[in-house]
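Worksheet: the structure to be examined is printed underneath.
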2 protein chains.
Amino acid sequence: MDKQTVTIYDVAREADVSMATVSRVVNGNPNVKPATRKKVLDVIERLDYRPNAVARGLASKKTTTVGVIIPDVTNVYFSALARGIDDIAMMYKYNIILTNSDENGRKEVQVLNTLMAKQVDGIVFMGNDISEELRKEFERAKTPIVLAGCVDEKGDMPSVNIDYAAAVEEAVKNLIDRGNQRVAFISGSLDHPINRDYRLKGYKQALKKAGIRYDDKLVFETDYTYKAGQLLQPALQSVNATAAIVGDDELAAGVMNGVTDAGLSVPDDFEIITSNDTKLTEMVRPKMSSITQPLYDIGAVAMRLLTKLMNNEQVDEKTILLPYGLMKRDSTN
Amino acid sequence: MDKQTVTIYDVAREADVSMATVSRVVNGNPNVKPATRKKVLDVIERLDYRPNAVARGLASKKTTTVGVIIPDVTNVYFSALARGIDDIAMMYKYNIILTNSDENGRKEVQVLNTLMAKQVDGIVFMGNDISEELRKEFERAKTPIVLAGCVDEKGDMPSVNIDYAAAVEEAVKNLIDRGNQRVAFISGSLDHPINRDYRLKGYKQALKKAGIRYDDKLVFETDYTYKAGQLLQPALQSVNATAAIVGDDELAAGVMNGVTDAGLSVPDDFEIITSNDTKLTEMVRPKMSSITQPLYDIGAVAMRLLTKLMNNEQVDEKTILLPYGLMKRDSTN
DNA sequence: CATCAATATGAAAACGTTTTCAATTTGATT
DNA sequence: AATCAAATTGAAAACGTTTTCATATTGATG
C-alpha cells in the first residue's frame with residue numbers, strides 16, 4: 001500500500017558500490033570507470049530507480065524549478081508569453097510553477113513568498129505594475145527575477161519588452177497620416193507605468209509631431225476586458241473620435257464590435273489599431289491592424305535570460321528590447 | 001554573497017526551545033503553551049525565518065504541489081480549465097507545475113515522469129487521447145491522477161467532463177429541427193475517443209432519430225486550429241452542407257470566417273454550432289451559438305476531486321459529468 | 001620496480017525539515 | 001500531600017540526495 005520507493009541506497013547495495021558512485025553515474029559525472037557505470041546502470045534499470053528530486057533539491061540547493069507569476073493564464077497575451085517561457089524552460093530542464101496573480105498586489109507578494117519558500121531557482125514576473133511593497137520583496141529576494149512584458153519604472157530589473165512608446169507613436173502617426181485628427185487613446189489603468197509612461201507618451205509624441213493639440217477627453221482608461229471595450233462606443237462617438245489606438249486585443253475587439261454593432265463601419269467610419277497581435281486579431285471581422293510584438297519570443301527570451309542569471313553567467317544587457325512592427329489588416333485603411 | 005538563510009535551528013536556539021517546538025508552532029500544532037508560542041513567534045519575526053518547503057517536503061513526503069499537464073496553454077479552452085484548476089489549488093494551498101505537452105505522447109510520458117520525480121502530490125491531466133504507453137505510466141504511478149476535459153476510454157480513471165455525446169446530439173437535433181438535412185460534423189482527429197466515441201456517436205444518434213441517413217462525406221477530421229477551419233469552406237460547399245457542428249471554438253471561428261469570406265451568410269446560408277463556449281464565441285461576428293460547458297468549473301471540480309484523492313477522503317463518484325447547455329447566439333437561426 | 005600523478009571510489013557529513021517516543025511539567029482530584 | 005492523566009517539551013532519527021575529503025587503485029615514467 002505504502003509507496004515502496006527504491007532509493008539510491010538500494011541501488012548502491014545491489015550494485016555493491018557506494019551511494020557516491022551511484023550519484024555520480026546518475027548525474028553523468030565522468031569520473032567513473034566504464035565497467036562500474038554499466039554495473040550501476042544495470043541495477044538502476046532492474047530496480048527501476050528514479051531519483052527523488054526533492055531530496056536532490058535539498059542537498060544541492062537547486063530545484064530546477066522556476067516560478068512564473070502571471071496576471072491571468074486565460075488572457076491570450078499572457079498565455080502566449082507563458083508558452084514561450086515554458087518551452088525554453090523545458091529546453092533547459094526546468095519546470096515552471098505557474099500562479100495567477102490577477103494583478104492583485106497582495107496576492108503577488110504572497111505568491112512570491114510561496115515561490116521563494118519552495119526554493120525556486122528563479123522567477124519570471126508578468127504584470128502591469130510593480131507595487132512598492134512588491135518591489136521591496138523583489139529586492140530582498142536572493143533569487144534572480146526577470147520581468148516579461150512588464151516595464152520596470154526604476155529601470156534596474158532585468159526585463160524583456162518592446163519599445164512601447166515608439167510602437168504606439170508609430171501606430172498613431174499612421175492613423176494621423178491617413179487624416180484622423182481625433183484619435184482616441186484606449187488603455188488599461190494609467191496607474192500602470194506601461195500605459196502612463198510609455199504608451200501615452202508615444203501617443204502624445206505623435207500628436208505633437210503632427211501639430212495636433214492633446215485633448216484628454218480622447219484618453220480612455222478602462223479594464224482590459226472585451227466588455228469594457230464594447231461599452232465604450234457612445235463615449236467615443238460623443239467626443240468625435242474617428243480612430244483609436246488600443247492597448248489590448250480583447251479590449252480592442254470589444255471596441256470594434258461596439259462600434260460596428262452601433263451601425264458604424266470599421267475602418268471607413270472608425271479605424272482601430274490594437275497592440276498585441278495575438279491570434280485574436282485574425283479571428284475577428286474585420287481583422288484588426290496591430291502593433292506586432294514577438295509575444296512568444298518575449299517569454300522565451302525572458303526565460304533564456306533567467307537561465308543565464310541562474311548560472312551566474314555574464315550578461316551584457318539586462319534590459320532587452322525586442323523589435324516590434326506594424327501589421328496592417330482590415331481595421332485601418 | 002551566499003544566501004545567509006536562517007533555519008529552524010537558529011530559531012530554536014534563539015528562542016531557547018527545541019526544533020520540534022518551533023516546528024509545532026510553525027505548523028499550527030495546538031499542543032504548545034501559549035507563552036512558548038509567543039516567544040517562538042517573536043523570534044521568527046525578528047529573524048525573518050521562512051520555512052524551507054523543500055526540506056519540509058523531504059521530511060513529510062508532501063510537496064503541496066500538483067502537476068498539470070496541458071496540451072497548450074495558449075488554447076483558450078484549456079487555459080480556461082487551467083484557471084479553474086489553479087484557483088482551487090491555491091484555495092487548498094497547493095501550487096501547480098504547469099507543462100505543455102502538445103498532445104505528444106512521448107512528451108506526455110516524459111513530463112509525467114519528471115513530475116513524479118519532483119514528488120508532486122497529485123496530477124491533473126488534460127489531453128484528447130491517452131496512449132497505451134501513457135496509460136501504463138498512469139497505472140504504475142502511486143500518485144492520484146484526475147482527468148479534466150478528457151475522457152478515459154477504459155473508464156476507470158477519475159475524471160471530470162460533460163456528456164459530450166448527449167450535448168452534440170442535442171445540438172445536431174437543433175440544427176436538423178430547423179430544416180438542415182445536411183449537417184457537417186467537424187472535429188479534431190477521430191483517433192481521439194472524445195471525437196470518435198462521444199461526439200460522433202451523438203451526431204449519428206441525432207441523425208438516426210431524425211431518420212436521416214449517415215453520410216461520411218459530411219464528416220471532417222482536421223486540426224484544432226483556426227486556419228484549418230478556414231480552409232474547409234470549399235469542401236463544405238462541395239458536399240452541400242448547410243450547417244455544421246464543430247468540436248472546437250477556434251476551429252469553428254475559422255470555419256465561420258471561411259464561409260463568410262466566401263460570400264455566404266451565416267446563419268442564413270450556413271448555420272454553425274460550436275462546442276466549447278469560450279469567450280471567443282462572443283468576440284466573433286456573428287457571435288457563435290455553442291454547446292455550453294462550465295469550463296472553469298471542469299478545472300475547478302477536477303482539482304477539488306484531486307484534493308480529496310490526495311487526502312484519502314472517501315469519494316462517492318469518480319467519474320463526474322457536469323451539466324452542459326445550448327446557447328443560441330447569431331450563427332444559428 | 002619504485003615513484004608519482006592521475007583516476008576511481010567510499011565514508012560520512014551536510015541539506016532543513018517532520019515526526020516519534022520518551023521525559024517532563026502541569027493541574028486536577030483525592 | 002499523593003496520585004494520575006493530560007498537556008508540553010526535547011532528543012534524535014528519519015527523509016534521499018549531493019558533496020567533500022580522504023583513501024585506494026591504476027598506469028605511466030624513469
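Values below: all heavy atoms of this structure, side chains included; hydrogens, waters and symmetry mates excluded. Each chain gets a letter, A, B and so on, in the order the sequences are listed, and its residues count up from 1. As the structure is a computational prediction, the values presented were derived from the model and not from experiment.
Within the nucleic acid shown, D16(A) comes within 4.0 Å of sugar-phosphate atoms alone, with no base atom in reach, counting heavy atoms only. Nucleic acid contact class of T7(B) (heavy atoms, under 4.0 Å, all strands): sugar-phosphate only.
Taking 4.0 Å as the cut-off between side-chain N and carboxylate O, R83(B) and D102(A) count as a salt-bridged pair. The pair D152(A)-R135(A) meets the salt-bridge criterion, since a charged nitrogen lies less than 4.0 angstrom from a carboxylate oxygen. Under 4.0 Å is where a charged nitrogen must lie from a carboxylate oxygen, and between D10(B) and R13(B) at least one such pair does.
Counting to the nearest Å, the C1' atom of dA11(C) and the CD1 atom of I8(A) are 14 Å from each other. Per the geometry, CG belonging to L47(A) stands 15 Å off C1' belonging to dG16(D), to the nearest Å. Computed from coordinates, the R56(B) CZ to dT17(D) C1' distance equals 20 Å when rounded to whole Å. Taking atom NZ of K62(B) as the reference point, atom C1' of dT19(C) lies 13 Å away to the nearest angstrom. Rounded to a whole Å, the CE atom of M19(B) is 12 Å from the P atom of dA13(D). Rounding to whole angstrom units, CG of residue L58(A) and P of dT17(C) are separated by 9 Å. The nearest whole Å value for the distance from the NZ atom in K38(A) to the P atom in dA8(C) is 18 Å. In this structure, the CZ atom of R24(A) is 11 Å from the C1' atom of dT7(C), given to the nearest Å.
R50(B) contributes no side-chain N or O that forms a donor-acceptor pair with the base of dG16(C) under 3.5 Å.
The nearest pair of heavy atoms linking N100(A) to V73(A) is ND2-N, 2.8 Å.
Listed in residue order, the members of residues 25-35 of chain B having a heavy atom less than 4.0 Å from DNA chain D are N31(B), V32(B), K33(B).
You'll find that the side chain of S23(B) is closest to dT18(C), out of dG16(C), dT18(C), dT17(D). Comparing dG16(C), dT18(D), dA11(C) by their closest approach to the side chain of A20(A) singles out dA11(C). The side chain of T21(B) lies closest to dT9(D) when the candidates are dG10(C), dT17(C), dT9(D). Taking only side-chain atoms of S18(A), from C-beta outward, the nucleotide of dT17(C), dT18(D), dA11(C) with the closest atom is dA11(C).
In terms of phosphate contacts, K61(B) brings no side-chain nitrogen or oxygen within less than 4.0 Å of OP1 or OP2 of dT19(C). When the side-chain nitrogen and oxygen atoms of T36(A) are compared with OP1 and OP2 of dT9(C), one or more of them lie within a distance under 4.0 Å. Within the structure, a side-chain polar atom (N or O) of T5(A) is placed less than 4.0 Å from OP1 or OP2 of dG16(D). OP1 or OP2 of dT17(D) has at least one side-chain nitrogen or oxygen of Y49(A) nearer than 4.0 Å.
Mapping V22(A) and S60(B) onto DNA chain D by nearest heavy atom places S60(B) closer to the 5' end of the strand. Of the two residues near DNA chain C, V17(A) and A55(A), the one whose nearest nucleotide lies more 5' is V17(A).
A side-chain donor from one of N113(A) and R50(B) sits under 3.5 Å from a side-chain acceptor of the other. If you check the side chains of T64(B) and K118(A), you find a donor sitting under 3.5 Å from an acceptor.
Using a 4.5 Å cut-off on side-chain heavy atoms (C-beta onward), N52(B) and T5(B) make no contact.
The distance between the ring centers of F125(A) and F138(A) falls below 6.0 angstrom.
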